[in-house]
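The structure under discussion appears below in the form of C-alpha cells.
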Amino acid sequence: MKIEEAERAIKDLLPEKRYRHSLGVSETAVKLAEKYGADVEKARLAGMLHDIAKYFSDEELKAVILRRSDISDDFLNYSDKLWHAPVGAAYVQEHMGIDDREILDAMTYHTTGRNEMSLLEKIIFLADYIEPGRDFPGVDVVRETAAVSLDDAVLQELQKTIIHLLEKRQSVYPKTFEAYNDFVKKNSMR
C-alpha cells in the first residue's frame, strides 16, 4: 500500500484532530526509524494507520475482537481505549490488504507494549507518545531521551503510563507490565 492511499483512508475515517495526530506519529516514526535503523517505509505506514479504528463504536470494536481468533478476548476486560489498536490492525489486514506482520504487530501493541517488543513496535509505541502535537507534563523529557536511547525512552513512557493509570485508579493491561519488566531487566543487564 502506498502512503498516499493510507493518508486518504484515515482522512475519511478520522476527525481532523486525530488525522493530524496520525500525520505527526507517521513523521515521528520516520525520524525514529532513520535514527535507530528500522524500515522507514514500514514505520511511515504503521504510524499513519495506527489509529484507523479509533472512532469505531465500542460495539464494532467488541465484535471484531470476539470474531478474530488472533485477538485476545482479554482486551475486553480492560479499558475500551485499548481496543482500537488490535482492531485497527485487523481492519488494515481485512480491508487494505496489509499482511506485513511487523506493521500489524506495531499497530496492535501501540497502546500497551508487550514483552520482547520489536524495533518497529517500539518506534510506533514511542512515536504515538511523543509526536509534536502531544502536550502533557513529562513528554519533553521522553522526547529528549528518545534523541539518545530508544529503549530508555520506551521505558520512561511505560513508567509514566503505569504511574498515570495507578494514580487514576485504573487497571493496567498485563502486557504493559510485561513490557515494563522486560525493559527494566534489559536495562539492568547493560
Handout entry: Sidechain-backbone polar pair: Ser26 side chain, Ser22 backbone, donor-acceptor under 3.5 Å
Key = no
Handout entry: By side chain to side chain donor-acceptor pair (under 3.5 Å) - contacts of Asp39 (at least two apart)
Key = none
Problem - Cluster link Ile130 to Val40, ILVMFWY, side chain under 4.5 Å - result: no
Problem - Separation of Ile103 CD1 from Glu121 CD (nearest 0.5 Å) - result: 12.0 Å
Handout entry: Straight-line distance of Leu49 CG to Arg44 CZ, nearest 0.5 Å
Key = 12.5 Å
Problem - Joint hydrophobic cluster, Val184 plus Val172, side-chain heavy atoms closer than 4.5 Å - result: yes
Exercise for the section: Report yes if some heavy atom in the side chain of Tyr19 is under 4.5 Å from a heavy atom in the side chain of Glu7; otherwise report no. Expected result: yes
Problem - Lys62 with Asp58: basic N within carboxylate O range, under 4.0 Å - result: no
Handout entry: Minimum heavy-atom distance between Pro174 and Asp74, given as atom pair plus value
Key = CG-OD2, 4.3 Å
Problem - Which atom of Ala43 lies closest to which atom of Ile123, heavy atoms considered - result: CB-CG2, 4.5 Å
Problem - Side-chain donor or acceptor of His50 paired with backbone N/O of Gly47 under 3.5 Å - result: yes
Practice task
Taking the side chain as every heavy atom from C-beta outward, state whether Leu61 and Asp80 have any atom pair closer than 4.5 Å.
Solution key: no
Problem - Reference residue Tyr173; test ring-ring contact (aromatic ring centres under 6.0 Å, His included); the match among Tyr78, Tyr180, Trp83 - result: Tyr78
Handout entry: Arg68 with Glu94: basic N within carboxylate O range, under 4.0 Å
Key = yes
Exercise for the section: Mark yes or no for whether Arg134, through its side chain, and Asp128, through its backbone, hold a donor-acceptor pair below 3.5 Å. Expected result: yes
Problem - Student check: side-chain heavy atoms of Met107 and Ile52 closer than 4.5 Å - result: yes
Practice task
Indicate yes or no: at least one non-hydrogen side-chain atom of His84 is less than 4.5 angstrom from one of Glu60.
Solution key: no
Practice task
Taking Lys35 for its side chain and Ala147 for its backbone only, find out whether a donor-acceptor pair lies under 3.5 Å.
Solution key: yes
Handout entry: Spacing of OG1 belonging to Thr145 relative to CG belonging to Leu155, to within rounding of 0.5 Å
Key = 9.5 Å
Practice task
Kindly indicate, with the supporting measurements, whether the criterion side-chain contact (heavy atoms from CB on, under 4.5 Å) is fulfilled by His164 and Gln159.
Solution key: CA-CA 9 Å; His164 173 76; Gln159 184 178 21; over 6 Å; no
Handout entry: Cluster overlap Leu120 with Val25, hydrophobic side-chain contacts below 4.5 Å
Key = no
Handout entry: Check: Tyr36 side chain, Ser149 main-chain N or O, donor-acceptor pair, under 3.5 Å
Key = yes
Problem - Heavy atoms of other groups near Lys11 NZ, more than 12 under 6.0 Å - result: no
Completion exercise
CG of Leu13 to CZ of Arg18, rounded to nearest 0.5 Å, is 13.5 Å
Practice task
For Asn187 and Asp152, run side-chain contact (heavy atoms from CB on, under 4.5 Å): C-alpha distance rounded to whole Å, both residues' side-chain angles, the deciding distance at 0.1 Å, then the answer.
Solution key: CA-CA 8 Å; Asn187 199 34; Asp152 288 349; 3.6 Å; yes
Practice task
Determine, step by step, whether Val154 and Lys122 satisfy the side-chain contact (heavy atoms from CB on, under 4.5 Å) criterion, reporting the C-alpha distance in whole Å, the side-chain angles of both residues, the deciding distance to 0.1 Å, and the verdict.
Solution key: CA-CA 7 Å; Val154 172; Lys122 290 186 275 189; 4.0 Å; yes
Completion exercise
In short, Ala29 meets Ala127 closest at the heavy-atom pair N-CB, 3.8 Å
Fill in the blank from the handout: For Ile65 and Ser72 the tightest heavy-atom approach is CG2-O, 3.8 Å
Practice task
Measure from the side-chain N and O atoms of Asn115 to the backbone N and O of Ala179, and report whether any donor-acceptor pair falls under 3.5 Å.
Solution key: no
Handout entry: Connected via hydrophobic side-chain network under 4.5 Å: Leu32 and Val141
Key = no
Handout entry: Euclidean distance, His110 NE2 relative to Leu82 CG, rounded to 0.5 Å
Key = 9.0 Å
Exercise for the section: Would you sort out whether Lys31 and Thr28 count as a side-chain contact (heavy atoms from CB on, under 4.5 Å), showing the intermediate values? Expected result: CA-CA 5 Å; Lys31 289 176 185 168; Thr28 302; 5.6 Å; no
Practice task
May I ask whether Val148 and Tyr129 are part of the same hydrophobic cluster, defined by side-chain heavy atoms of I, L, V, M, F, W, Y residues being less than 4.5 angstrom apart, directly or through others?
Solution key: no
Handout entry: Distance in Å, Thr111 OG1 paired with Ile124 CD1, rounded so as to fall on 0.5 Å steps
Key = 13.0 Å
Practice task
Taking the side chain as every heavy atom from C-beta outward, state whether Leu158 and Phe125 have any atom pair closer than 4.5 Å.
Solution key: yes
Exercise for the section: Output yes when Asp100 and Lys42 qualify as a salt bridge under the 4.0 Å nitrogen-oxygen rule, no when they do not. Expected result: yes
Exercise for the section: Kindly indicate whether the side chain of Arg143, heavy atoms from C-beta on, has any atom under 4.5 Å from the side chain of Asp140. Expected result: yes
Handout entry: Salt bridge flag under 4.0 Å for residues Asp12 and Arg8
Key = no
Problem - Test item: Val30 and Glu27 side chains (from C-beta on) under 4.5 Å apart, heavy atoms - result: no
Exercise for the section: Output yes when a side-chain donor or acceptor of Thr176 lies under 3.5 Å from a complementary backbone atom of Thr112, and no otherwise. Expected result: yes
Practice task
State, yes or no, whether a side-chain contact exists between Ser118 and Tyr109 at a heavy-atom distance under 4.5 Å.
Solution key: no
Exercise for the section: For Pro137, check side-chain contact (heavy atoms from CB on, under 4.5 Å) against everything at least two apart and list the hits. Expected result: none
